[in-house]
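Presented below is the structure to which this report refers.
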Protein chains: 2
Amino acid sequence: MQESYCEKKEAILASAMELIAEHGFHGTPTSMIAEKAGVGTGTIYRYFESKDELIYALHKELERKIKKLILDRYNPNDPLRVRFMLLGKVILRYFIDNPNEFRFLEQFVYSPYGIACRREKIFGNNNQDNGNDILKELFNEGIAQQVIREMPVAILHSLFFGPIMSVARDRILGFIELDEAMITRTIESCWNAVKL
Amino acid sequence: MQESYCEKKEAILASAMELIAEHGFHGTPTSMIAEKAGVGTGTIYRYFESKDELIYALHKELERKIKKLILDRYNPNDPLRVRFMLLGKVILRYFIDNPNEFRFLEQFVYSPYGIACRREKIFGNNNQDNGNDILKELFNEGIAQQVIREMPVAILHSLFFGPIMSVARDRILGFIELDEAMITRTIESCWNAVKL
DNA sequence: GTCTCCGGAGTGAACGTTCAATCAAGAATA
DNA sequence: TATTCTTGATTGAACGTTCACTCCGGAGAC
């Protein structure tokens, strides 16, 4: 029972991810999600309160996955530069390998959904440990060691991840090629932007 | 007559820009745009074939404005680094001063609209001279002079403008402060990412 | 039988778009 | 000048469609 419960829920989530990535939030009716998932439209509402809640759930799950990805490969004993290079490569690689998740994330982040979400995360009471703390720590450690420019963490974040997102996008949409060497050089450039 | 013709069209464009920036494409019905513009809903369809056409028109006008902005301040006699610094500052400043246009652009670019638009621009037959050619030339000149890393122009573009967009966003949403000095340092960092 | 889970036709609301009616401002007429 | 005619921009109620969401009948487990 629990098995099939999760199976349907997972099917709905997977279908929604794929369809929204391609057609956008408003180009994918719940009926389409249900059909692709092989369930009735009503079944969606057994697992999610509303379409919005489904979308938030997708985002939450994606964030969890990425956080895990970072934590798995993170080795605090590496030199800072190595840690940054690895971090950048892991994230860029993940998005290249999971284009649907990237395109979903992009649409989410730049929509009113994502803005509200981000605003809450920054100005809300952060009781729980969000994964960004690792990044924040990483930047602060770099500043303390005087290997990273002394700037607000948010700006350093933009300098390092802004290009990664942009390059991932170009790659996923087929506008550029990206071999391993070029990925390395790209992340190097991101590092050059934040290093002292 | 011509006067009032343009006035209404302008009013519709301005209202749409403002409302879409705040509420998103699907959060702003045509009725809302008409009301804010002080016209009947039907009037919109005298000036634009459909809501989609209105949105494309908004994007086109915005692109034109930004292209003009760049051309106005562009001085080919400046050293490359100076040209890049100026370019970055001008664009960042423009977005900070025109948050609605930035938020509209962001939503457009990352939606299925923008993807189709970009795809056409890259793979379509580019008969007309699009303003990006100046950027392309700028990057190529930098590579030829051996002051910029030798990478595909699209990647250099991402490295330089990715962070600018990201920082503009954070600033507009009120997540960071940005004084003149910090803007300069930010654009410096963008330059560091692409320079040799 | 009882209970839980599921499906998909059905519902009402909201939306983009249309169109017959309206109105104002010349042009034509006298 | 006063009056009528013509034109075309403007309007907003109405239309048809689409969509998120509901609800009830049935299937299956026990």
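One interatomic measurement links the two molecules: CG of B:L54 to P of C:dC15, which rounds to 16 Å at whole-angstrom precision. Rounded to whole Å, the distance from CD1 on B:I12 to P on C:dG16 is 14 Å. Between A:I55 atom CD1 and D:dA20 atom C1' the separation is 11 Å, expressed in whole Å. Nucleotide C:dC5 holds its P atom 18 Å from the CD1 atom of A:I44, rounded to whole Å. Between the P atom of C:dC15 and the CZ atom of A:F25 lies a distance of 18 Å, rounded to the nearest Å. Computed from coordinates, the B:I33 CD1 to C:dT17 P distance equals 10 Å when rounded to whole Å. With rounding to whole Å, B:F48 atom CZ is found 16 Å from C:dT17 atom C1'. Distance, B:E35 CD to D:dA13 P: 12 Å, rounded to whole Å.
Contact check, A:Y47 against C:dC6: a side-chain N or O comes under 4.0 Å of OP1 or OP2. Side-chain nitrogen and oxygen atoms of B:K8 include at least one within less than 4.0 Å of the OP1 or OP2 phosphate oxygen of D:dT11. The shortest distance between the side-chain N/O atoms of B:T41 and the OP1/OP2 oxygens of D:dG12 is not below 4.0 Å. Taking 4.0 angstrom as the limit, A:T30 places none of its side-chain polar atoms (N or O) nearer than this to OP1 or OP2 of D:dC19.
Looking at the side chain of A:K51, the nearest of the listed nucleotides C:dG16, C:dG7, D:dA20 is D:dA20. The side chain of A:R46 lies closest to C:dG7 when the candidates are D:dC21, C:dG7, C:dG16. Here C:dG7 is the nucleotide among D:dT22, C:dG7, C:dT18 with the atom lying nearest to any side-chain atom of A:V39.
The residues B:R103 and B:E18 are annotated as not salt-bridged, no charged nitrogen and carboxylate oxygen being separated by less than 4.0 angstrom. Salt-bridge annotation for B:R93 and B:E180: present, with a side-chain N of the basic residue lying under 4.0 Å from a carboxylate O of the acidic one.
Between A:F139 and A:F84, the distance separating the two ring centers is shorter than 6.0 angstrom. A:Y94 and A:F102 have their aromatic ring centers separated by at least 6.0 angstrom.
Of the two residues near DNA chain D, A:G27 and A:G42, the one whose nearest nucleotide lies more 5' is A:G27.
In this structure, CD in A:Q107 is found 10.5 Å from NE2 in A:H23, a value given to the nearest 0.5 Å.
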